[in-house]
Protein chains: 2
Amino acid sequence: MEQIRAYFNNFLPLTDNEWEDFSSCFKKETYAKKEYLVRAGESCDFIAFIAEGVYRFYYLQEGEEKVTAFFFPGDFVTNYRSFLTGKPSEHFIETLKPSVIYKIHRQDLNLLYDRHKNIERLGRYIAENLYLTVAKRLDSFLHDNPENRNQELLNRNSKLLQEVPQYMLASYLGIKPETLSRIRARK
Amino acid sequence: MEQIRAYFNNFLPLTDNEWEDFSSCFKKETYAKKEYLVRAGESCDFIAFIAEGVYRFYYLQEGEEKVTAFFFPGDFVTNYRSFLTGKPSEHFIETLKPSVIYKIHRQDLNLLYDRHKNIERLGRYIAENLYLTVAKRLDSFLHDNPENRNQELLNRNSKLLQEVPQYMLASYLGIKPETLSRIRARK
DNA sequence: ATCATTTCTTGACTTTGGTCAATGAAATTC
DNA sequence: GAATTTCATTGACCAAAGTCAAGAAATGAT
């Protein structure tokens, strides 16, 4: 729980009062491996802070699993699009390892926004940050070849990614498992 | 100017008082064709609302122009990454037609955020919306082939895009002009 | 430990988009 | 409106990733 506060402090420190109100909205949950946090078709009405575990974010296209993101301890895991719009998720969010998370629901967060200008601002910072993250990823797609993308991915999170099956990494990189295997072979 | 207020009303209506404070920060500017709003290396410390004109957002990679975005009337044009982080832009923002825009600078906007909770919230909505836009574009890159992406692009903005040179559209789609030409030929 | 399942690798071949080059069309400039 | 530059098209060829298929390696279950 304290790690959440520490994370927020990177953006904007909350007073004890604000934090008390905020933290009382979090609900702790635990998951085993290969469980679903969200299934396609469901709306994602929460944001969850990952204390332990690894998640993958994927959807099905013509029977094929397309991995869009991974989430690690210290990240927030959510379908932010579904969270913001209320529309059903097209994605599945699945645990790749046993996990502990802290959930906050949309309604509760909106009430917090109403009550505390500082938390409203924190919400802006978080949205801005998520923008930067996804914009950076798009850039990497526009500009780098699969080999560079693979390198960059490994640089970021090599420890945790070593436990992730290679075909999921391939999908995340937008290539086929065979191609990723060949990229690694010629190194 | 009224179109800006109308645009904001889509997110959150401002009171006359809030709007007066807000609108007094906008500065009107006009540009001819092929002028630069931002050059690579400069920091982009403003957001501009486009009343008239079309902009392209691109950068140079090994001498080649890579187009990342187009902006049209009713859009906000900025290098949002540079705006948020204060870091220099890697991108150029160039007019493709004569333009009229209304600029608001980072400092002024931050003061508005401090003064008005509603405008703070508006800032969150705008960040959330930009997130949705770029996330959607990333999705299209991950999942669609160039032909689909071309179709989707044309669906969105066909009128204004007709006046944009094809090689810029090709770059935006992440393909070579020759390939786009061939896609169009086989229709 | 054994068996079954899942994941990874490798090979042969196909497909798609990129490269280079030539030509033609369109738009700008003077 | 003629000349020049920019932009679009087309063809021949190339390179990179995809497809299909077989088998090896790793993982998990009993």
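Sequence lines set the chain letters: A, B, ... in the order given, protein chains first and strands last, and positions in each chain run from 1. Because only heavy atoms are used, hydrogens play no part in the values below, and waters and symmetry mates are left out as well, while side chains stay in. Owing to the predicted nature of the structure, the values given are computational and were not obtained by experimental measurement.
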Provide, to the nearest angstrom, the distance between the [atom1] atom belonging to [X] and the [atom2] atom belonging to [N].
X: B/E178; N: D/dA15; atom1: CD; atom2: P; answer: 17 Å
X: B/L180; N: D/dA8; atom1: CG; atom2: C1'; answer: 10 Å
X: A/E163; N: D/dA26; atom1: CD; atom2: P; answer: 17 Å
X: A/Y167; N: D/dT19; atom1: OH; atom2: P; answer: 17 Å
X: A/E64; N: D/dA17; atom1: CD; atom2: P; answer: 17 Å
X: B/E65; N: D/dC7; atom1: CD; atom2: P; answer: 9 Å
X: B/R184; N: D/dT10; atom1: CZ; atom2: C1'; answer: 16 Å
X: A/R186; N: C/dG11; atom1: CZ; atom2: P; answer: 14 Å

Any salt bridge linking A/E64 with A/K176? Criterion: basic side-chain nitrogen under 4.0 Å from a carboxylate oxygen.
yes
Can you identify which nucleotide, out of C/dT9, D/dT19, D/dT9, has its nearest atom closest to the A/K176 side chain?
D/dT19
For B/A185 and for B/M168, locate the closest nucleotide of DNA chain D by heavy-atom distance; then report the residue assigned to the nucleotide nearer the 5' terminus.
B/M168
Decide yes or no on ring pair (Phe, Tyr, Trp, His ring centres under 6.0 Å) for A/Y131 and B/Y131, but give the supporting numbers first.
CA-CA 5 Å; A/Y131 170 87; B/Y131 169 86; 8.1 Å; no
Report which part of the nucleic acid [X] touches: base, sugar-phosphate, or nothing (heavy-atom distance under 4.0 Å, all strands).
X: B/K34; result: nothing
X: B/R182; result: base
X: B/P165; result: sugar-phosphate

Ignoring backbone atoms, establish whether A/Q166 has a side-chain N or O less than 4.0 Å from OP1 or OP2 of D/dA26.
no
Taking only N and O in the side chain of B/T179, is any of them less than 4.0 Å away from OP1 or OP2 of C/dG18?
yes
Under 6.0 Å between ring centres: does that hold for B/F26 and B/F49?
no
Transitively linked via ILVMFWY side-chain contacts under 4.5 Å: A/V164 with A/L180?
yes
Using heavy-atom distances to pick each residue's nearest nucleotide on DNA chain C, tell me which of B/I175 and B/K33 is more 5'.
B/I175
Minimum heavy-atom separation for A/Y113 to A/G123, with atom names?
OH-CA, 3.4 Å
